[in-house]
Structures are given as C-alpha cells and as structure tokens.
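Working notes, structure below.
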Protein chains: 2
Amino acid sequence: MTTKELIIEKALTLFAENGYQGTSVKNIADAVGIKDSSLYKHFKSKKEIFDTIVQEMSTRMEQMSLGYGLPDEAGMESAAALYGALTLGDLLDLSKKIFLFYLKDEFAARFRRMLTIEQYRDREIYEVYRQIFMEAGITYQAALFEEMCRQGIFRSSSPEVMALHFYAPIFFLLNKYDQEPEKEEEALNVLEAHVREFARVYRQNQD
Amino acid sequence: MTTKELIIEKALTLFAENGYQGTSVKNIADAVGIKDSSLYKHFKSKKEIFDTIVQEMSTRMEQMSLGYGLPDEAGMESAAALYGALTLGDLLDLSKKIFLFYLKDEFAARFRRMLTIEQYRDREIYEVYRQIFMEAGITYQAALFEEMCRQGIFRSSSPEVMALHFYAPIFFLLNKYDQEPEKEEEALNVLEAHVREFARVYRQNQD
DNA sequence: GTCTATACCTGGATAGAC
DNA sequence: GTCTATCCAGGTATAGAC
C-alpha cells in the first residue's frame, strides 16, 4: 500500500470515529507513521484528503454492491425471476449478506459513519449520503418488487411502499446495532423476523 | 429567558448545525450577544454546556412525547382501545403529528441532529440517542400493538416485528427528509402511504 | 455578570535541509 | 518524500477591572 493510500485508509478510520473537525492532520500523520508536514507532499490540504475519500469510496461502494450480488437495472427482469425462485431461506441469507455488508464491510461501515457525522456540515456530503443510503436501496428494490409483482411472484401493491417496508427496517437496524458488535446475533434475529414477516405478507406462494 | 438558558438555546442550534467540535465557545457567545469570557461565569467549560444540553433535553423530550398524546404504559389498555376506535384518518393524523414532532419541533429536531452527529464520539451520547430514538418508540409501540392484538383490533402477529414495521419507516423518512424542508409535503405523502399499507395489512376491520 | 487582556495550546500549512 | 523549524490563526480558559 502506498503512503497516499495509507493516508486515505487511516483518515477514513479517524473521520468515522471523531468526525472531520475532531481529527487533526497530526492525528492522521501519527496513524500513518510520518510527520504532519510530510503529509502535504501527498495532499495539498486536509480538505483534499476528505474530498478524495468521498470520491473514491463512492465509486468503491458502487462496485462492491454490484459484486455482492445486486444486479443492475438492465438485469432487473432476470433478477426478479431469480429472486422469485429463491426459497425463504435463500431470501434470508441474501438480506443478511446485504445487512452485514453495510454493517461490517471495512470500507462501507466506516464510510457510512463518516457521512452520518458530516451530513449536516456540508450540503454536498448530504447529497452523497442521501444518494447511497436513502435513494439507491429504495429505488433498486422498488424496481425489483414492481417486476416481481408483474410476474406474479408478489401480491400487487405499491412497489415504492413495499421497498420502504423492506429497506427501512434494515436501515433502522443498521443504525441501532452499529455500535454493538457483541449484539450482532440479536440484530440478525430481528432482521430474520422482519424478512419472514415481509415474505409472509407479500409472497404469493409461501414456502 | 435568563442568560444561562439563552446559552443552552444558542449552543444547541450551533451544535446541531456544526457539531460540538465545529462550534467554538466564541460562536456561542456571539450568538448570545456576550463575550466568550463572560460565558465562563455560567458554565465552567464548553463540555459542561454540552452535558447540560443532553441532560435537560432528555427530560424535556420525555415530557413532550407524553404531552403529544403518547400515553404511558399504565394507560396502555385504554390507549389500545382508543387507537382501535380511531378511523384510518385519525390514525394518519396521529402518525403525522408524531413524525412532524421529531422532524420540526424546535427542541426535538435540533436535539436529534446533535445526537446524530455526536453519537460516535462518545459512548454516553450514543446510549442517549439509542434510548430516545431507537428503543423508546419500538418498546412503546410493541406494547401497544400487543394490547391491540389481544383486543382483536389487529391481526395477531409478533408485536416487536409489527412495531419495527411501523416505526422504522418513520425513522427512515425522518433521516431522509431532515434537510429538505421544501419536500415536507412529499414526505407526508410517503408517510401516509406507509400508514395506509400498514393498516391494510394488520387491521381486522378496514374502514 | 460583563468587559479587556492575556496565557497557553493546538491546528493547518509552508520553507528549506537532507 | 521525509524531516525540523517556524508561522500564524484560532481555540479554551483564567485574571482582574468595572
């Protein structure tokens, strides 16, 4: 890992814990193992470090969520068929995988915390936070549920409301259990109960 | 309003906008209209101002949520009967009132933002945030739904999961529309769709 | 209880030797 | 690309006059 990458890495951790203003350039330099002045050979300001993180992590999040089995809009139709063919058990595994990605993935979790802290300070940060953690999930799932209703896998209902009912509890549990790693099992149990209930309410063929 | 109260008042606004570390003692003093040094006649440190806010707002939040028509546990049985007698329209009005309280009430909204920003910096802050915005709503509603199921107003289901399904979307919408006052109508429409769907799924007698 | 003045420190950032 | 040295602005907090 280059020094520049190491700076990004350590800065993200510190920003996620103490916020932008709560983290000094010296804190970052110490974590990296260099003097604070040396840091300015890699970035021209503290702000540039922060902006670089937001840029880079945004794209990395996109790639990762794709890699984690979330198909893109083009593949929505086949995705819907795929999800419909899933057993309840498969559906549970999938929702857990997504939940744990946002909760524990080394980049996703720190990035989410950093944006949560900084969203009120800067409008641009807020837009990124909103886009990734509010809009993206709902939009994708609404499209997916719409297709699944069309195919008769789900009972017809408003896809947007269904997406809200599916995603909001995940978002809530993410916030609730964020700082309690020892209660991960409890979190997963609640998540499972949520998905079971969701499936009970909306799936045409119970399994 | 005494100077001490005014300091709390202005500090809360600034902490909610810029965070604890993003707010200087001089910022607070300027907002109050005194010199920063004078402020130390009322509080012995910046930290003491913050702690006082957390203390005072916590109790004020309790009182207010009671005042806003959320009955205590002792009155749960009559509350359940009361909610059951409500028309769908009344249920919608009530959920909107609660949503708007957390979104716009002059104390609740600022307090929520402040805790959201500061939750990762200090374990105690996190506990307060968690208690007020995660546990309280779910616990109360789970007890209420349990009673309503017992009385046959709601279809029997896990009260905890029902509470999660009811409250999580409110929590999500609160976060989503927090910084977009111009989209309040949109937020209320989504909230309404959510409550309608919730009622459709769980209420025994549709109206 | 408010002011001015000041002490003391830490923060971000630059210059220049190696 | 790292270091030491330094600058300057701004932060928290105290002392003492009014």
Side-chain angles (χ1 to χ4, degrees), chain A residues 1-57 110 113-115 117-125, chain B residues 1-57 110 113-115 117-125:
Chain A
M1 205 185 272
T2 69
T3 304
K4 191 160 184 170
E5 287 168 337
L6 203 57
I7 292 169
I8 293 296
E9 168 64 23
K10 297 297 185 183
L12 176 56
T13 299
L14 289 165
F15 288 153
E17 280 169 11
N18 312 310
Y20 179 78
Q21 328 232 26
T23 303
S24 72
V25 175
K26 188 172 185 313
N27 292 151
I28 301 171
D30 285 350
V32 172
I34 56 175
K35 292 290 170 185
D36 48 356
S37 55
S38 305
L39 203 142
Y40 288 90
K41 295 289 178 183
H42 302 278
F43 296 93
K44 77 173 212 295
S45 69
K46 181 184 175 185
K47 177 85 165 37
E48 198 186 75
I49 299 175
F50 183 81
D51 291 342
T52 305
I53 290 177
V54 174
Q55 281 281 339
E56 197 173 308
M57 295 295 139
R110 283 181 295 170
R113 281 171 208 149
M114 188 183 85
L115 295 187
I117 296 173
E118 300 303 331
Q119 63 174 314
Y120 294 102
R121 209 178 38 89
D122 184 316
R123 185 74 198 183
E124 267 184 67
I125 307 304
Chain B
M1 205 185 272
T2 68
T3 304
K4 190 160 185 170
E5 288 168 339
L6 203 57
I7 291 169
I8 293 295
E9 168 65 23
K10 297 297 186 184
L12 175 57
T13 299
L14 290 165
F15 288 153
E17 279 169 11
N18 311 309
Y20 179 78
Q21 330 233 22
T23 302
S24 72
V25 175
K26 187 172 185 313
N27 292 151
I28 301 171
D30 285 350
V32 172
I34 58 176
K35 292 291 171 184
D36 49 356
S37 56
S38 305
L39 202 143
Y40 288 90
K41 296 287 179 185
H42 302 279
F43 297 93
K44 77 173 210 297
S45 69
K46 182 184 174 184
K47 176 85 164 40
E48 199 185 76
I49 299 175
F50 182 81
D51 292 342
T52 305
I53 290 176
V54 174
Q55 280 281 340
E56 197 172 307
M57 294 296 138
R110 282 180 297 171
R113 281 171 206 149
M114 188 183 85
L115 295 187
I117 296 174
E118 302 301 332
Q119 64 174 312
Y120 294 103
R121 209 177 37 90
D122 185 314
R123 183 78 199 182
E124 267 184 67
I125 309 303

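Proteins come first, then strands; the chains are lettered A, B, ... in the order of their sequence lines, and each starts at number 1.
- If you measure from atom NZ of Lys35(A) to atom P of dG12(C), you get 15 Å, rounded to the nearest angstrom.
- Residues passing the side-chain hydrogen bond (donor to acceptor under 3.5 Å, both in side chains) test with Glu48(A): none are found, sequence neighbours excluded.
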Item to check | Nucleic acid footprint by protein, nucleotides 6-18 of chain D - heavy-atom cut-off 4.0 Å, B for base, S for sugar-phosphate alone | outcome: -----SSBBB---
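- Take Asp51(B) and apply the salt bridge (charged side-chain N to carboxylate O under 4.0 Å, His left out) test, not counting sequence neighbours, and it matches Lys47(B).
- Partners of Ser24(A) under the side-chain hydrogen bond (donor to acceptor under 3.5 Å, both in side chains) rule, at least two apart in sequence or in another chain, are Asn27(A).
- The stretch residues 1-18 of chain B has no heavy atom under 4.0 angstrom from DNA chain D at all.
- Where the helix from dG1(C)-dC18(D) to dC18(C)-dG1(D) starts and where it ends, the local axes point in directions that differ by 0°; five pairs per end, rounded to 10°.
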Could you pull out all donor-acceptor pairs under 3.5 Å where a side-chain atom in residues 33-42 of chain A meets a protein atom, sequence neighbours excluded?
none

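- The salt bridge (charged side-chain N to carboxylate O under 4.0 Å, His left out) check on Glu56(B) picks up Arg60(B), with sequence neighbours excluded.
- With sequence neighbours left out, Glu9(A) forms a side-chain hydrogen bond (donor to acceptor under 3.5 Å, both in side chains) with Arg110(A).
- Here Phe50(A) pairs with Phe15(A), Tyr20(A) under the ring-ring contact (aromatic ring centres under 6.0 Å, His included) rule; sequence neighbours left out.
- In this structure, Asp30(A) places its CG atom 13 Å from C1' of dG11(C), rounding to the nearest Å.
- Heavy atoms from other residues, nucleotides or ligands lying under 6.0 Å from NZ of Lys10(B) number 12 at most.
- With sequence neighbours excluded, the residues forming a side-chain hydrogen bond (donor to acceptor under 3.5 Å, both in side chains) with Lys26(A) are Asp30(A), listed by chain and number.
- In this structure, Phe43(A) atom CZ and dA13(C) atom P are separated by 13 Å, rounded to whole Å.
- Following rounding to the nearest Å, Ile28(A) (CD1) and dT10(C) (C1') show an atom-to-atom distance of 15 Å.
- In terms of the side chain to side chain contact (heavy atoms under 4.5 Å, CB included) criterion, residue partners of Glu5(A) (sequence neighbours excluded) are, by chain and number, Met1(A), Thr2(A).
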